[in-house]
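Working notes for the structure below.
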Amino acid sequence: MGAMNYSGAFAKTVLALCAALLLLPAAASAYPLKGGSLAGGKTNFVLDGSLRRAMDAAGIKLLPIAPGKAKGAAIQLPITEGMMEPRYGSGYVYQGGGFKIQAGGRSVSVRRLILNTAKQKLTGVIAGRAMTVAKTDEVKGFRTDFGLAVKVGALRLSEKAATLISGRLGVNDIFRAHRSLGRATVAGVLGVVPITGGSIKFSLAPEFVQKLESLSVSVSVNGTGTTSGSPPYSFDFPEVQGELNRRFTHGAIGTTNDGLKFLQPASPAPKEVNWASLGILFENGFGGEGGDVVVGRWTGVSAVGPIGQIEFGSSPVFDPRKGEFTAPPTSATLSPYAAGPLNEAFAGGKEIFKAGEPLGAFSFVVGLR
């Protein structure tokens, strides 16, 4: 595989992500309480039963406005933008489309809806006028594997909305202030989801091992990882954290500080290079579609940028019962950012290590719950 063409901006991105992994707490088993940016989803609005019966008796219909659609007894609106804290469901969602209330030859449209669970209200534009449509005091949030579910109960009509709707439709005693309009259920998809545990396994390629041995360079684990083989060239890092999305096009996973130590006996002093906070960056596009990279924080030598290029693609398999991804061993090649520093440290500047040569194979098992 050819070498990737990395920019200075990308190098800064890698460093920032490595730093972010370092800042993660030692036990990040709980989802952080900060808000999560939504990458999509939908909200179902269901009319209150007594209101629906009153509307049916009066011949009043509730119709969706595209891209909203009718789903059984509900009006389903897509989420166009949002930010919500998954544990308690506090935040907001912008809804696409809206709904229309129709009574005979009259109708009134409710558009540009924003469900703000942090402020416990539904706002929108009714007949061209922005206002609070309804208020609630019932909000409950739940984590799902790749997003969240938020249940909002008893959305009670505001006085202003009730007056405007009744006046436009020419009806009385149906759309009353403080009457329950209905309830809503948000099913949001998070841009990235947190990793709540797992492990990364890494084995060095035989060709890479031969070069290390020719330069008398030994390899060992820094931190909580374990080794196997003789000499140890397979490694297991059990304390993995990070975040990712469902399609592995955004996010990163890695160790908090664990990694590999390369040591070469030399005079007047031994030479040592470390790859700390070893991990994988899933940001397709840097090296082409599927161009994930192996990242780490270098010490012992002047270096910046990814260690290797790797392409997991769609190979990780999700087990919904366990709430975890399993990725098979996948080959990685040495990046241009890694070859030069290794040659400088251990080969006296000679071109022993080359960009694009086999580095090893990575696999991982990570949990989302």
Side-chain angles (χ1 to χ4, degrees), residues 35-38 40-55 58 60-71 73-86 88-103 106-141 148-188:
S37 177
L38 300 182
K42 59 194 176 186
T43 301
N44 285 340
F45 292 91
V46 180
L47 279 176
D48 177 80
S50 64
L51 176 60
R52 186 182 67 251
R53 289 189 290 273
M55 289 173 62
I60 300 173
K61 297 179 180 179
L62 181 71
L63 304 171
I65 296 175
K69 59 182 70 174
K71 283 287 185 178
I75 296 292
Q76 186 179 97
L77 304 181
I79 295 172
T80 59
E81 181 184 339
M83 180 77 72
M84 279 194 162
E85 186 283 307
Y88 304 112
S90 180
Y92 65 88
V93 289
Y94 285 78
Q95 307 291 167
F99 51 85
K100 179 169 65 174
I101 307 172
Q102 185 173 300
R106 296 187 176 189
S107 67
V108 59
S109 296
V110 184
R111 303 173 183 269
R112 296 172 61 184
L113 290 165
I114 304 173
L115 182 58
N116 191 324
T117 55
K119 296 183 178 180
Q120 298 185 321
K121 66 181 182 179
L122 175 69
T123 62
V125 175
I126 302 178
R129 297 172 61 182
M131 65 184 68
T132 295
V133 177
K135 294 184 178 181
T136 185
D137 56 10
E138 301 177 29
V139 177
K140 294 182 180 180
L148 54 89
V150 180
K151 295 184 178 180
V152 179
L155 283 159
R156 295 179 295 277
L157 275 169
S158 70
E159 186 172 344
K160 193 173 182 180
T163 300
L164 182 56
I165 292 172
S166 297
R168 288 283 176 151
L169 296 179
V171 298
N172 296 314
D173 203 36
I174 293 180
F175 299 98
R176 300 188 301 269
H178 312 300
R179 182 175 193 172
S180 176
L181 178 64
R183 64 186 187 276
T185 303
V186 178

Counting only heavy atoms not in [X], do more than 12 fall under 6.0 Å of its [atom1]?
X: Glu159; atom1: CD; answer: no
X: Arg111; atom1: CZ; answer: no
X: Arg176; atom1: CZ; answer: yes

Does some side-chain heavy atom of [Y] sit less than 4.5 Å from a side-chain heavy atom of [X]?
X: Lys119; Y: Lys135; value: no
X: Gln102; Y: Leu63; value: yes
X: Met84; Y: Thr117; value: yes
X: Phe175; Y: Ser166; value: yes
X: Arg112; Y: Thr123; value: no
X: Leu47; Y: Leu62; value: yes
X: Leu51; Y: Leu181; value: yes

From [X] [atom1] over to [Y] [atom2], what is the distance, rounded to the nearest 0.5 angstrom?
X: Ile79; Y: Leu115; atom1: CD1; atom2: CG; answer: 8.5 Å
X: Ile60; Y: Ser107; atom1: CD1; atom2: OG; answer: 12.0 Å
X: Arg183; Y: Lys151; atom1: CZ; atom2: NZ; answer: 9.5 Å
X: Thr185; Y: Lys140; atom1: OG1; atom2: NZ; answer: 12.0 Å
X: Ile126; Y: Met131; atom1: CD1; atom2: CE; answer: 4.5 Å
X: Met55; Y: Leu169; atom1: CE; atom2: CG; answer: 8.5 Å

Quick check: closest heavy atoms across [X] and [Y], and the distance to 0.1 Å?
X: Ala70; Y: Ile75; value: CA-CD1, 4.4 Å
X: Ile174; Y: Ala54; value: CD1-O, 4.1 Å
X: Arg106; Y: Arg168; value: CD-O, 3.3 Å
X: Leu77; Y: Gly68; value: CD2-CA, 3.6 Å
X: Glu138; Y: Ala154; value: OE2-CB, 3.5 Å
X: Pro67; Y: Pro78; value: CG-CG, 3.7 Å

Using only heavy-atom distances, determine whether the side chains of Asn44 and Gln76 contain a donor-acceptor pair under 3.5 Å. yes

Donor-acceptor side-chain pairing of Gln95 and Thr43 below 3.5 angstrom: yes

Using a 3.5 Å distance criterion without hydrogens, assess whether the side chain of Thr136 forms a donor-acceptor pair with backbone atoms of Gly153. yes

Closer than 3.5 angstrom, by distance alone: can the side chain of Ser109 be matched with the main-chain N or O of Lys100 as a donor-acceptor pair? no

